[in-house]
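Notes follow once the structure below has been shown.
All values derive from a computational prediction rather than experimental measurement.
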Amino acid sequence: MPVPDPSDDPLSRERAHLTHSRAALRSMREDVESLDIRDVTANWVNAEVLSRQIEERVKALADLSHTPLFFGRLDYLHSPGADQAEGAEGERFYIGRRHVHDADGDPMVIDWRAPVSQPFYRASKKNPLDIALRRRFGYTGGDLTAYEDEHLSDPADSAGDAATSKLLQQEIERPRVGPMRDIVATIQPEQDEIVRSGLGGSVCVQGGPGTGKTAVGLHRVAYLLYAHRDRLARTGTLVIGPNASFLHYIEQVLPALGELEVKQATVDDLVAHVEVRGTDEAPAAVIKGDARMAEVLRRAVRSHVTMPVEPVMVVRGSRRWRVPAYELEVIVRELLDRDIRYGAAREALPQRIAHAVLVQMERSGEAPDDRVQDAVARNTAVKAAVKSLWPPVEPAKLVLRLLSDADFLATHAEGLLTEDEQKTILWARPVRSVKSAKWAAADAVLIDEATDLVQRTHSLGHVVLDEAQDLSPMQYRAVGRRCTTGSATVLGDLAQGTTPWATRSWEEALTHLGKGDAVVEELTAGFRVPTDVITYASRLLPHIAPGLTPVASVRENPGFFEVRPAAADSAETAATMATEVVAACEELLRNEGSVGLIAADARVPLLTEALAAAGLPHLGPGEETTLTTRLTLVPASLAKGLEYDYVVLDEPRAVVDGEPDERTGLRRLYVSLTRAVSGLIVTHAAPLPSQLAEGAGAL
């Protein structure tokens, strides 16, 4: 039997291109590893820096065996143009996570962020963007197993829209085991528009569950690093998430795209000037997080400045130079009127006084230079005057005094906070020192504000702020300080705000962030949550975020959804109900993929015991699932931003009752209901919240 010619089989040809591309990537990596820098560096410092850069480049060129090197192909009708890529008419480009070239420098894989790759995400039958054919590839592990063509410029092909792509649907609905993965192969046109928006402007993305807002934010960072690498290498980028579990969940997305240098942090990490050992009651936290506290702090900082009552006498050799009190007052008031940082003004004050002395010297016939002015600024009398007029301020001590000294707080909160509000944030007992204070998270944010009033906070080139709806105005200000000269991508969902100070509108939030001119985009197409699940959860929207557009699932697979009440005549005990929950988990674990058991925080110990008794191993939020341990027990308070193939939601009523008010509880429930990718089982013995019963006929 004759051996078939591989050239006659398109799949074989594509596999061959994949093999050659991997070999080319390996050669690129080997070329970097073989670089000899012994004779190109002037000193050991330069050698160390260059060695580190080479090491990072080698890591960026890693070939991840289970990650497709390319996921698509574009066949152009004509040359894309000199401003995009060089090539002859009808050139073909393979689109992947990174650029790969052969030994001659010819591209074998084009980076998904390159301009020539953009039609892969935006071309359609109505607007083919000069694309004759778009090919998508299917993979099993790292092996290319299938392809699917869309003839965008052929009017006879009715299957040319991305929405009909079976491989696209399969990739979107593929089981999620482990941390979050990139969506580079499935970015939709409306998402791509946000991803490729420019560095100069800030963007706010309002997106319901499963709309891909987090992925869009991360991919925008990757795109900006590609388009503005030199600038962002100097200024830096930062991704801010709600908690460590969330950051652990997303931490592999950017490295998979070849970006290794993006830092990640929580807001608490940013403001970690003191050790947080205490907690606030909600009313106190709300007031401390209010934007009015910024003005209270500004007043308190500036209150340290005093007007002079005595002149400054500077002795140099046999001569004395006198700067009268009224002239000192003019200098002090000018610095106050400039409203610059307290510390910067304090550094400028001795130079201003020294300048006044130099003016007198010049009038007397001397010719002092800059060295004389610097010497006068360091004069003992000048330094003593500066210490008296503009004493140093320690931010933590300032906040300590505001929270423990009723008179000091009243003086600087007058007209801003009511007496009751002042009493609410005052500590019940006096605290002697910064170290002995039991600081709460909101106190650390106040210290960060005070620190910035004294000395300017370093600004980054771009900041991504995820789950932003839960931030207080003062937290927004803390983040905004990190990108005053840069831009921001703000991601969130007003319906998922679960803090007492949750964002009421993006306009207000962006103003506190210092990005009032940011463009607000809304994502409403749901790619993650199954239709039946999001429809059920959306019953809560009129009660938690009236006016928001419900998410419309675009998944072909409706998913598995079931509500399992306890028998009406059964006196279910908590332990018996826990057994039912365990049974639901065991049922879902028979499927491929991850399983999340979400429960009210107060019920987690009970369920932990039940899982242990059943011999069912489980993980905590943020811990990476394995082939043998795919179940994660998640307190409802930590569920935000996470996703699992299957979810068991225990006792919705308990989730609602675990919050300080019903609206916050319903928002927490909305979050918990929308973590499933393939299926959801809701188990309950207590009656469901009445809001879930509304519109029951819709399912």
Derivation and outcome, side chain to side chain contact (heavy atoms under 4.5 Å, CB included), residues Leu398 and Val454: CA-CA 11 Å; Leu398 176 77; Val454 175; over 6 Å; no
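- Going from atom CG of Leu336 over to atom OH of Tyr342 covers 9.0 Å, rounded to the nearest 0.5 Å.
- At a threshold of 4.0 Å, the pair Asp452-Arg477 does not count as salt-bridged, since none of the basic side-chain nitrogens sits closer than that to a carboxylate oxygen.
- Between the side chains of Lys640 and Thr498, a donor-acceptor pair is found at a separation under 3.5 Å.
- Here the side chain of Arg299 pairs a donor or acceptor atom with the backbone of His412 at under 3.5 angstrom.
- Between Gln351 and Asp374 the shortest side-chain heavy-atom distance falls below 4.5 Å.
- Distance check: Arg234 CZ to Leu460 CG gives 13.5 Å after rounding to the nearest 0.5 Å.
- The pair Asp657-Arg668 does not meet the salt-bridge criterion, since no charged nitrogen lies less than 4.0 angstrom from a carboxylate oxygen.
- Residue pairs meeting the side-chain hydrogen bond (donor to acceptor under 3.5 Å, both in side chains) criterion with at least one partner in residues 390-399, sequence neighbours excluded, are absent.
- Inter-residue side-chain proximity for Ile425 and Leu409 is flagged as met; some heavy-atom pair is nearer than 4.5 Å.
- Distance alone, capped at 3.5 Å, is enough to place a donor-acceptor pair between the Thr511 side chain and the Glu507 backbone.
- Atom-to-atom distance recorded for Arg341:CZ and Gln455:CD is 9.5 Å, nearest 0.5 angstrom.
- Among all heavy-atom pairs drawn from Pro652 and Leu649, the shortest one is CG-CD2, 4.3 Å.
- Looking at Ser459, its side chain does come within 3.5 Å of a backbone N or O of Thr485 through a donor-acceptor pair.
- No donor-acceptor distance shorter than 3.5 angstrom exists from the side chain of Glu261 to the backbone of Gly236, with no hydrogens or angles considered.
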Thr451 vs Asp448, side chain to side chain donor-acceptor pair (under 3.5 Å): CA-CA, chis, key distance, verdict: CA-CA 5 Å; Thr451 301; Asp448 190 71; 5.4 Å; no
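- Using a 4.5 Å cut-off on side-chain heavy atoms (C-beta onward), Pro621 and Leu642 make contact.
- With Ser202 contributing its side chain and Ser487 its backbone, the two residues share no donor-acceptor pair below 3.5 Å.
- What you find for Val634 and Ala639 is that their closest heavy atoms are CG1-CA, 3.8 Å.
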Under 3.5 Å, which donor-acceptor pairs link side chains of residues 489-497 to any protein atom two or more places apart or in another chain?
residue, atom, partner, partner atom, Å
Thr489, OG1, Arg220, NH1, 2.5
Thr489, OG1, His462, NE2, 2.8
Asp493, OD1, Gln206, NE2, 2.8
Asp493, OD1, Ala495, N, 3.2
Asp493, OD2, Gln496, NE2, 3.0
Gln496, OE1, Arg675, NH2, 3.4

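- Of the possible polar contacts, none joining the Arg277 side chain to the Trp439 backbone as a donor-acceptor pair under 3.5 Å is found.
- A side-chain N or O of Gln469 and one of Glu467 form a donor-acceptor pair less than 3.5 Å apart.
- Atom CZ of Arg231 sits in a sparse spot, with 12 or fewer heavy atoms from other residues, nucleotides or ligands closer than 6.0 Å.
- When side chains are defined from C-beta on, Trp427 does not count as touching Asp405, because their heavy atoms never get closer than 4.5 Å.
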Intermediate values then yes/no, salt bridge (Lys or Arg N to Asp or Glu O under 4.0 Å), Asp466 and Lys213: CA-CA 9 Å; Asp466 205 353; Lys213 56 185 178 295; over 6 Å; no
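- Atom CD of Gln264 has more than 12 heavy atoms from other residues, nucleotides or ligands within 6.0 Å.
- In this structure, Arg603 does not pair ionically with Glu651, as no charged nitrogen and carboxylate oxygen lie closer than 4.0 Å.
- Phe246 and Tyr249 have tilted rings, their planes meeting at an angle from 30° to 60° on a 0 to 90° scale.
- Thr535 and Ser538 share no donor-acceptor pair across their side chains, judged by distance under 3.5 Å alone.
- In terms of modelled atom types and a separation under 3.5 Å, the side chain of Ser388 and the main chain of Ala384 share no donor-acceptor contact.
- In this structure, Leu238 and Ile240 have side chains that are in contact, with non-hydrogen atoms separated by less than 4.5 Å.
- Although no hydrogens or angles enter the test, the distance criterion places a donor-acceptor pair under 3.5 Å between the side chain of Thr674 and the main chain of Val671.
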Verdict with reasoning, Leu225 to Thr237, per side chain to side chain contact (heavy atoms under 4.5 Å, CB included): CA-CA 9 Å; Leu225 286 168; Thr237 53; 4.2 Å; yes
Side chain to side chain contact (heavy atoms under 4.5 Å, CB included) between Val216 and Leu523, intermediate numbers included: CA-CA 10 Å; Val216 165; Leu523 298 176; 4.3 Å; yes
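- When atom types are taken as modelled, the side chain of His304 and the backbone of Val301 share a donor-acceptor pair closer than 3.5 angstrom.
- In this structure, NE2 in His355 is found 8.5 Å from CD1 in Ile331, a value given to the nearest 0.5 Å.
- Under the 4.5 Å side-chain criterion, counting only non-hydrogen atoms from C-beta, Arg539 is not in contact with Leu673.
- Side chain of Gln191 to main chain of Gln188: a donor-acceptor pair is present (N/O by atom type, distance under 3.5 Å, no hydrogens or angles).
- Crowding of Glu295 atom CD: a count of heavy atoms from other residues, nucleotides or ligands under 6.0 Å exceeding 12.
- Inter-residue side-chain proximity for Val520 and Val203 is flagged as unmet; no heavy-atom pair is nearer than 4.5 Å.
- Here the shortest heavy-atom pairing between Thr235 and Gly461 reads OG1-CA, 3.2 Å.
- Taking the six-membered ring wherever Trp is involved, the centroid distance between the rings of His219 and Tyr223 does not fall below 6.0 Å.
- Taking each heavy atom of Val445 and Ala478 in turn, the nearest pair found is CG1-CB, 4.5 Å.
- Leu247 CG to Thr266 OG1: the interatomic distance, rounded to the nearest 0.5 Å, is 6.5 Å.
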Full working for salt bridge (Lys or Arg N to Asp or Glu O under 4.0 Å) between Lys438 and Asp443: CA-CA 9 Å; Lys438 288 189 176 182; Asp443 301 330; over 6 Å; no
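- We find that Arg481 and Glu449 are joined by a salt bridge, their nearest charged nitrogen and carboxylate oxygen being less than 4.0 Å apart.
- Asp268 and Ala441 make their closest contact through OD1-CB, 4.2 Å (heavy atoms, listed as atom of the first residue, atom of the second, distance).
- Among pairs with a residue in residues 408-436, those fulfilling salt bridge (charged side-chain N to carboxylate O under 4.0 Å, His left out) read Arg292-Glu421, at least two apart in sequence or across chains.
- Here the shortest heavy-atom pairing between Gly208 and Val551 reads CA-CG2, 3.5 Å.
- In this structure, Arg346 CZ and Leu389 CG are separated by 10.0 Å, a value rounded to the nearest 0.5 Å.
- The closest side-chain heavy-atom distance from Leu510 to Tyr476 is not below 4.5 Å.
- Asp337 and Arg333 are not joined by a salt bridge, as no carboxylate oxygen comes within less than 4.0 angstrom of a charged side-chain nitrogen.
- Under a 4.0 Å N-O distance rule, the pair Arg338/Glu334 does not qualify as a salt bridge.
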